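This report refers to the structure that appears directly beneath it.
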Amino acid sequence: MAYRAEYIWVDGTVPTSRLRSKTKVLPDDKKDLPIWGFDGSSTNQAPGDASDCVLRPVFSCPDPIRGGNDLLVMCEVLYTDMSPHETNTRALCKEVSNRYAAQEPLFGIEQEYTFYSNGRPHGWPAGGFPGPQGPYYCGVGSDEIWGRDIVEAHTTACMKAGIAISGTNAEVMMGQWEYQIGPVSPLEVSDQIWVSRWLLYRVAEDFNVTVTLDPKPIEGDWNGAGAHTNFSTKGMRNSYDEIIKAAQALGKYPEEHVKNYGFGVDKRLTGLHETARWTDFSYGVSDRGASVRIPWQCEKEGKGYLEDRRPNANMDPYVVTRLIVNTCCSALEEG
Ligand code: ADP
Ligand code: MN
Ligand code: MN
Ligand code: MN
């Protein structure tokens with residue numbers, strides 16, 4: 001039987017790109033995924049009089065929603081001369097991660113997000129606020145937890161797709177959740193973060209709930225949504241000194257990193273709610289108020305990884321992993 005391939009790509013919406021997708025029906029004898037195209041004038045990627053953009057498949061996996069032989073296909077966007085489109089941040093990520101492949105960089109990303117229904121965070125009372133933060137993080141019970149059915153369906157979908165999902169938890173703000181992808185290589189984690197986000201929006205559709213990656217959905221005494229980015233190289237997985245060197249390297253270019261860690265990063269990195277202020281840089285063991293945290297087990301064992309706590313939930317993983325690999329791997333190479 002013929003099968004469906006859902007072609008997914010990152011658009012040109014400013015200041016934060018959105019996901020788009022459309023379905024291609026392929027004959028059953030067609031196993032390799034063809035190049036395809038779309039109307040870039042409808043996605044802020046091209047002018048109307050030269051609207052064609054090219055989709056090139058870069059990663060595919062079983063479609064856990066449709067099942068059968070159907071696929072999800074992550075694509076990169078190209079101009080019609082096959083050069084990377086200006087919105088294609090994957091191309092540079094690939095170049096940089098190839099350059100430092102010998103260091104075997106690995107990433108685990110903690111993707112936080114917030115469910116919305118009826119125009120407010122899922123579970124919040126109309127025109128008001130729920131009780132203050134405290135009981136919701138990793139909570140249980142229908143007075144504290146909203147959307148677990150969606151979270152379970154999304155986790156199952158990621159597992160069926162073969163995505164490297166490694167856990168989920170309810171977050172500090174009611175209606176806010178997290179899942180983790182990794183540890184896998186820079187391109188793998190980035191492709192899989194984008195596909196897992198697509199699956200999250202798609203699964204939530206069936207529950208009439210929406211998802212936002214807004215880094216600070218509610219002002220005031222409510223946690224924002226981040227994408228803590230855990231990183232190691234082969235050297236760091238063997239030596240604590242290398243972890244410290246990588247943390248210090250991140251401290252050399254704090255502005256270049258933070259300004260590319262997602263729109264509105266200054267709204268979230270206030271210095272409150274388990275964040276360091278976006279204008280400051282610090283690293284520390286177990287310190288959830290530092291920009292970069294070294295988990296206590298890594299200090300104890302003298303090896304492991306570090307956690308860059310600054311990226312926003314709405315960050316582009318191709319950009320964040322590329323910056324971290326470039327900054328840390330170049331410093332570690334110098335010794
Ligand atoms: P926390 O909430 O305490 O910050 P999580 O358990 O949510 O931590 O996330 C930790 C992440 O670290 C996971 O995504 C995991 O895959 C990742 N991780 C574990 N070991 C490594 C490693 N050596 N290199 C990179 N990431 C790692
Ligand atoms: Mn976490
Ligand atoms: Mn979290
Ligand atoms: Mn974390």
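Just so you know, these numbers come straight off a predicted model, no measurement behind them. First listed ligand is number 1; within each ligand, the first listed atom is number 1.
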Practice problem: Starting at CG of Asn44, measure out to OG1 of Thr13 and round the result to the nearest 0.5 Å. | Solution: 6.0 Å
Exercise. Return the name of the atom in Glu112, of element N, O or S, nearest to the Mn ion (ligand 3).
Key: OE2
Quiz item: Which residue owns the protein heavy atom closest to atom 2 (O) of ligand 1, what's the atom, and how far is it?
Solution: Glu110 OE1, 3.2 Å
Practice problem: Check each atom of ligand 1 against the heavy atoms of Asn230 and keep those under 4.0 Å away; list them by number with element. | Solution: 10 (C), 11 (C), 12 (O), 17 (C), 25 (C), 26 (N)
Quiz item: When you look for heavy atoms under 4.0 Å from ligand 1, do you find them on the side chain of Arg288, its backbone, both, or neither?
Solution: side chain
Quiz item: Given OE2 of Glu171 on one side and OE1 of Glu178 on the other, what angle do they make at the Mn ion (ligand 3), to 10°?
Solution: 90°
Quiz item: To the nearest 0.1 Å, how far is atom 19 (C) of ligand 1 from its closest protein heavy atom, and which atom is that?
Solution: Tyr305 CE2, 3.7 Å
Self-check item: Protein residue, atom and distance nearest to atom 14 (O) of ligand 1, heavy-atom basis
Solution: Gln180 CB, 3.4 Å
Quiz item: Of all the non-hydrogen atoms in the protein, which one sits nearest to atom 15 (C) of ligand 1, and at what distance?
Solution: Pro183 CD, 4.3 Å
Quiz item: Are Arg20 and Asp11 ion-paired here, with the side-chain N under 4.0 Å from a carboxylate O?
Solution: yes
Exercise. Classify the angle between the aromatic ring planes of Trp222 and Trp124 as parallel (below 30°), tilted (30 to 60°) or perpendicular (above 60°).
Key: tilted
Quiz prompt | Distance filter under 4.0 Å to Arg293 heavy atoms, resulting ligand 1 atoms | solution = 3 (O), 4 (O)
Exercise. For Arg18, look at atom CZ and say whether over 12 heavy atoms of other residues, nucleotides or ligands are found less than 6.0 Å away.
Key: no
Quiz item: Going by the order shown, which atoms of ligand 1 are within less than 4.0 Å of some heavy atom of Gly182?
Solution: 16 (O)
Quiz item: So between Ser286, Pro295, Pro105, Ser232, whose heavy atom ends up nearest atom 23 (N) of ligand 1?
Solution: Ser232
Exercise. Answer yes when Lys30 and Asp32 have at least one side-chain N-carboxylate O distance shorter than 4.0 Å, and no when they do not.
Key: yes
Quiz item: For ligand 1, which atoms sit closer than 4.0 Å to a heavy atom of Glu178?
Solution: 7 (O)
Quiz item: Is atom CH2 of Trp146 surrounded by more than 12 heavy atoms (other residues, nucleotides or ligands) closer than 6.0 Å?
Solution: no
Quiz item: Passes ring pair (Phe, Tyr, Trp, His ring centres under 6.0 Å), His122 versus Tyr116? Steps please.
Solution: CA-CA 5 Å; His122 195 41; Tyr116 267 70; 9.6 Å; no
Self-check item: N, O or S atom within Glu110 nearest to the Mn ion (ligand 2), by name
Solution: OE1
Quiz item: How does Met236 reach ligand 1, if at all, at less than 4.0 Å between non-hydrogen atoms: by side chain, backbone, both, or neither?
Solution: neither
Quiz item: With the threshold set at 4.0 Å, does a side-chain nitrogen-carboxylate oxygen contact exist between Arg288 and Glu274?
Solution: no
Practice problem: Ignoring hydrogens and angles, state whether a donor on the side chain of Tyr137 or Asn169 is under 3.5 Å from an acceptor on the partner side chain. | Solution: no
Quiz item: Short list, please: which atoms of ligand 1 are under 4.0 Å from a heavy atom of Glu307?
Solution: 4 (O)
Quiz item: Are Glu219 and Lys267 close enough for a salt bridge, meaning some N to O gap below 4.0 Å?
Solution: no
Quiz prompt | Heavy-atom nearest neighbour of atom 17 (C) of ligand 1 within options Cys298, Gly108, Gly304 | solution = Gly108
